[in-house]
Amino acid sequence: MKLLLDKAHIEGIRYYDVWKKNGGYQSVEKALKMAPEEIVEEVKKSGLRGRGGAGFPTGLKWSFIAKPEGVPRHLVCNADESEPGTFKDRYLMEFLPHLFIEGMIISSYALGSNTSYIYIRGEYAWIPDILEQAIAEAKAAGYLGKNILGSGFDLEIYVHRGAGAYICGEETALIESLEGKRGNPRIKPPFPAVQGAWMRPTVVNNVETIATVSPIIMIGGEEYGKIGVGKSTGTKLISACGNLNKPGVYEIPFDLSVEEFIFSDDWCGGIPKGKKLKACIPGGSSVPILPANLLLKTAKGDTRLMNYESLADGGFATGTALGSGGFIVLDEDQCVVKHTYTLARFYRHESCGQCSPCREGTGWMEKILLAIEKGKGKLSDIDLLWDIQRRIEGNTICPLGDAAAWPVAAAIRHFRDEFEWHILNPDEAQTHNYGIAHYADPLEIAV
Amino acid sequence: MVQFSEDKLKKVNEIIARYPEGKQKSALIPVLHLAQNEFGGWLSPETMDYVAGLLNILPVEVYEVATFYSMLNIKPVGKYVLEVCQTGPCMLNGSDEIIQYIEDKLGIKPGETTADGLFTLKPAECLGACGYAPMMQLGKFYREHLTKEKVDSLIEECKAGTAKVDS
Amino acid sequence: MADVPNFKVTIDNITVEVPAGTTILEAARKIGGDIAPPTMCYYSKLKGSGGKCRTCLVEVSKGSEKDPRPMPKLMASCRTTVMDGMEVKNITSDRVKDARAGVVEFLLINHPLDCPICDQAGECKLQDLGYDHGKAGTRYEFQRRTFPKHNLGDKIQLHMTRCILCYRCVMTAEQLTKKREHGVVDRGDHAQIASYLDQHLDNEFIGNIIDVCPVGALTDRTFRFKNRVWFLKPLNAHRDCPTCSGKVTIWNRGDEVFRVTARKDQWGEVEDWICNECRFEKKKTSDWVIEEVSPVSRHSVINQNKYFNLDKPKETIDEIIGKKPRLFLDIHNVSKVNEKNRDLSMIEGPANSKDFKNKQQ
Ligand SMILES: Cc1cc2nc3c(=O)[nH]c(=O)nc-3n(C[C@H](O)[C@H](O)[C@H](O)COP(=O)(O)O)c2cc1C
Ligand code: SF4
Ligand code: SF4
Ligand code: FES
Ligand code: FES
């Protein structure tokens with residue numbers, strides 16, 4: 001079942017006329033006849049969880065927004081999408097801008113935001129044009145501006161470009177950046193729902209989260225909540241990449257098995273050249289990497305499904321997380337040490353530098369991983385890496401510290417043998433590859 | 001002298017108007033993008049001073065921001081900046097070879113600019129095109145599914161001045 | 001403030017009552033002694049300071065009377081307010097000790113080992129912290145970070161390699177002067193303190209950034225007897241200053257004033273901000289009315305003349321982590337994969353497309 005991408009194949013769907021002809025803006029018309037609280041209620045009933053990575057229930061988040069008298073509130077959409085492996089929001093904005101704008105209008109109405117912003121990563125330099133055109137079209141048709149559809153609700157939406165900083169995806173860094181500052185995350189509390197952009201109550205939501213509000217209003221929160229498995233309601237966009245025959249953006253049902261997603265021709269079509277699956281990071285670079293055996297089945301032996309609960313089954317010891325849905329597949333020819341090194345380099349590059357564990361620890365981990373990769377590592381480095389990541393995790397201002405620690409921890413947890421092989425066979429490791437020979441027993445090392 | 005045209009100044013005011021009154025600092029990053037585009041692909045101290053004046057903020061505030069964001073250049077760059085992604089998913093698909101190929105072809109190392117001032121090679125971290133790897137950003141657009149042949153023809157296009165880098 | 005209720009908070013088994021809105025750190029300082037967590041970035045006189053260095057992390061073992069659940073993460077005590085009935089562990093928590101040792105290690109990996117030639121030696125918070133919470137030696141085997149030189153003028157010297165990015169000097173400039181000229185530029189582990197275009201800092205209160213700096217990153221260029229604070233006698237003194245309170249500490253020997261600083265309280269924080277004239281220009285004992293010898297309380301190192309030991313990095317793993325690393329297997333014995341020139345995809349193993357398709361049929 002498709003709720004978001006059902007119209008993606010229609011020629012010209014990016015443009016207002018085509019969108020409108022295909023049932024566009026019905027959700028806005030329906031929503032503006034409801035009271036804002038009713039919309040929040042519908043979203044609560046839908047069980048929608050934030051699609052930006054943390055999976056926090058959206059309706060609940062909305063109900064936290066403070067409503068002090070006379071202070072404007074803002075909705076800020078997080079279109080910073082910079083987590084390696086993740087490129088689903090880009091797809092929505094590029095191909096279905098009006099779906100997204102519909103979600104923006106309804107969400108703004110529900111939250112009482114008369115000026116809403118879309119904070120988009122600077123590198124997506126051509127997408128603001130698409131969004132601004134969609135905004136202009138919607139405005140011309142009376143869905144934006146003053147007194148929309150006679151409801152008395154006014155709304156302007158502005159696109160704000162970032163300039164290259166993954167950390168600006170963290171919601172308080174995003175707000176700082178929107179205010180024209182360095183993307184240093186704020187120390188919470190106060191939370192954005194109380195003091196966000198310009199000290200005003202602010203809700204930050206992911207692009208996909210906001211887009212999903214439109215189908216929720218169309219089919220009703222309760223109906224939406226019935227789709228999916230348990231607390232994973234609705235559908236989810238997955239951006240699949242790495243070693244796959246058909247990488248790309250897919251809208252998946254939550255009862256899809258990981259195995260089917262990777263290998264079925266309806267989805268990613270398997271791994272090129274008949275290679276074997278070695279490992280996978282299913283939810284964006286921050287979530288733990290799993291070796292093939294634990295990816296396809298949980299430690300209990302159940303088939304692993306593409307949803308929040310199933311992917312997380314076993315905790316970090318034998319499970320992982322759905323995260324942002326950035327699905328990265330490594331085939332048998334890939335080196336986990338090298339891959340982990342590139343991620344460590346990424347997090348070092350993206351650390352804002354405010355707090356000591358992250359600023360110093362990310363660089364240290366990167367250097368050690370590079371040394372190992374280049375055949376200059378020592379066995380003690382593995383334990384040292386473990387110690388560093390352990391002391392970063394949970395001790396930083398914002399979750400980037402955790403995001404930097406987890407990939408290193410998981411790589412060591414599941415592929416310690418590969419690290420050891422690298423260190424003990426430094427020359428061979430420059431030309432050969434450890435392959436998939438042996439998986440460390442995850443339960444044994446889990447700490 | 002650094003000075004926006006009438007047209008661009010109108011644009012600047014339009015941008016400032018998007019934010020609450022007195023919060024014109026919010027326009028800083030969008031205006032820096034404009035300035036970088038207008039004034040030679042980088043932000044000279046003079047440009048930063050000019051922007052500070054336009055937004056009525058301290059020069060150091062501009063400097064702090066300009067040095068934080070990876071897209072803002074505070075040193076001169078070549079006319080074409082080849083920003084090749086090198087993060088995990090792209091690496092799995094051979095971005096290292098693409099970077100090496102460009103290094104060899106242009107005779108520059110990452111971060112360097114060719115002597116003719118035409119090309120800068122700037123390895124980048126994940127640009128959100130992981131499924132279409134390897135890839136690079138060239139001006140406003142992404143070039144995806146890169147191969148050596150594609151790199152060749154891109155470089156030719158740049159040399160001929162026909163590469164599409166802006167809309 | 002009559003209607004602010006008082007909250008009871010228990011820190012390391014000692015209970016205090018503080019007004020609602022007080023941070024754990026301020027509550028702990030009320031108890032005093034070792035109960036007060038160390039701070040490298042928080043500064044009670046600077047609005048918005050704290051939260052960055054993570055040395056003041058504590059464990060909240062009970063959230064409050066109403067919601068007794070413990071907080072899962074360690075909290076920055078300088079930025080966490082107390083709740084009624086909250087229970088906090090500082091030095092009684094092994095988690096805290098471990099995390100703090102980690103933070104100290106992080107702060108030191110790129111810190112130069114130049115204490116013997118550093119002006120701040122003896123007054124350095126990082127030095128104190130290292131003694132109290134750090135481990136001897138370093139596990140960091142890479143080259144320490146360097147920065148391009150920045151010049152802040154003839155009054156203030158910046159040694160960027162020593163900076164721990166506490167942001168105190170930036171906040172001081174922001175809050176004490178009308179026109180801030182320096183700030184944090186660049187990002188991540190390259191972030192650094194710099195002035196725009198190497199401007200010289202010359203606001204009349206800018207000298208205070210020297211006093212707030214917890215390490216020797218910002219020092220007084222007019223200080224004429226470098227590196228040896230413990231040979232100088234600090235005296236509280238004052239003068240009739242048109243600009244500031246004129247209440248200072250002078251560091252002199254005989255009749256010569258080698259340095260003037262603001263007076264500091266027991267937490268090492270400035271009591272009254274002083275102006276540049278008092279700090280940089282008044283270098284004769286006769287410029288000052290001397291009151292008394294200043295108490296040197298927390299500056300433990302001043303009296304003891306201790307240094308970081310400059311141990312060589314330890315090489316063997318067992319010495320560092322206290323246990324042998326685990327070796328799972330010698331891969332060559334068990335795996336066909338690593339036989340040279342073997343076609344990997346021919347080896348039986350985890351799923352591949354073919355298996356999947358076969359299963360489907
Ligand atoms: C370092 C970091 C980067 C993040 N990047 C993004 C991002 O690019 N896009 C996004 O939607 N959320 C991102 N998040 C999560 C946001 O902080 C926030 O939780 C999210 O935007 C909330 O929206 P949601 O509830 O709709 O998911 C990031 C978080 C962290 C800590
Ligand atoms: S964890 Fe890293 S990114 Fe987050 S605030 Fe600290 S230094 Fe910045
Ligand atoms: S120079 Fe000193 S006061 Fe300023 S940030 Fe660095 S350590 Fe803190
Ligand atoms: S990893 Fe290269 S675009 Fe994401
Ligand atoms: S003193 Fe609390 S984090 Fe630095």
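A, B, ... follow the sequence lines: proteins, then strands. Residue 1 opens every chain.
- At a 4.5 Å heavy-atom cutoff, the contact between Ile187(A) and chain C is made by backbone and side-chain atoms alike.
- Contacts between Ile368(A) and chain C at a heavy-atom distance below 4.5 Å involve backbone atoms as well as side-chain atoms.
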Working for side chain to side chain contact (heavy atoms under 4.5 Å, CB included), residues Asn184(A) and Tyr167(C): CA-CA 12 Å; Asn184(A) 283 356; Tyr167(C) 283 64; 3.0 Å; yes

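- Asp402(A) places a side-chain heavy atom less than 4.5 Å from the side chain of Lys73(C).
- Interface remark: Asp98(C) contributes backbone and side-chain atoms alike to the contact with chain A (heavy atom separation under 4.5 Å).
- Interface remark: Glu350(A) contributes backbone and side-chain atoms alike to the contact with chain C (heavy atom separation under 4.5 Å).
- Looking at Ile167(A), neither its backbone nor its side chain comes within 4.5 Å of chain C, counting heavy atoms on both sides.
- Heavy atoms closer than 4.5 Å to chain C are found in the backbone of Thr396(A), but not in its side chain.
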Derivation and outcome, side chain to side chain contact (heavy atoms under 4.5 Å, CB included), residues His349(A) and Arg187(C): CA-CA 8 Å; His349(A) 186 254; Arg187(C) 177 167 95 190; 3.4 Å; yes

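- With respect to Lys367(A) and Glu141(C), no salt bridge is recorded, no charged nitrogen being found less than 4.0 Å from a carboxylate O.
- Met71(C) CE: more than 12 foreign heavy atoms inside a 6.0 Å radius.
- For Leu165(C), the parts lying near chain A are the backbone and the side chain together; criterion is any non-hydrogen pair under 4.5 Å.
- Side-chain contact between Ile164(C) and Ser356(A): absent, with no pair of heavy atoms (C-beta onward) separated by less than 4.5 Å.
- Residues Asn395(A) and Leu57(C) meet the side-chain proximity criterion, which asks for heavy atoms closer than 4.5 Å.
- Looking only at side-chain heavy atoms (C-beta outward), Trp364(A) and Asp189(C) stay at 4.5 Å or farther from each other.
- Between Glu105(C) and Arg391(A), some side-chain heavy-atom pair lies under the 4.5 Å cut-off.
- When side chains are defined from C-beta on, His111(C) does not count as touching Glu360(A), because their heavy atoms never get closer than 4.5 Å.
- Listed here is the closest heavy atom pair of Val184(C) and Arg182(A): O-NH1, 2.9 Å.
- Applying the 6.0 Å contact sphere to NZ of Lys97(C) captures more than 12 heavy atoms from other residues, nucleotides or ligands.
- Counting heavy-atom pairs closer than 4.5 Å to chain A, the top-ranked of the candidates Gly50(C), Cys53(C), Cys41(C), Ala191(C) is Cys53(C).
- Residues Leu107(C) and Arg359(A) are in side-chain contact: their nearest non-hydrogen atoms beyond the backbone lie under 4.5 Å apart.
- No donor-acceptor pair closer than 3.5 Å links the side chain of Arg54(C) to the backbone N or O of Ile392(A).
- Residues Pro357(A) and Val103(C) come closest through the heavy atom pair CG-CG2, 4.3 Å.
- The local environment of NE2 in His150(C) is crowded, with over 12 non-hydrogen atoms from other residues, nucleotides or ligands closer than 6.0 Å.
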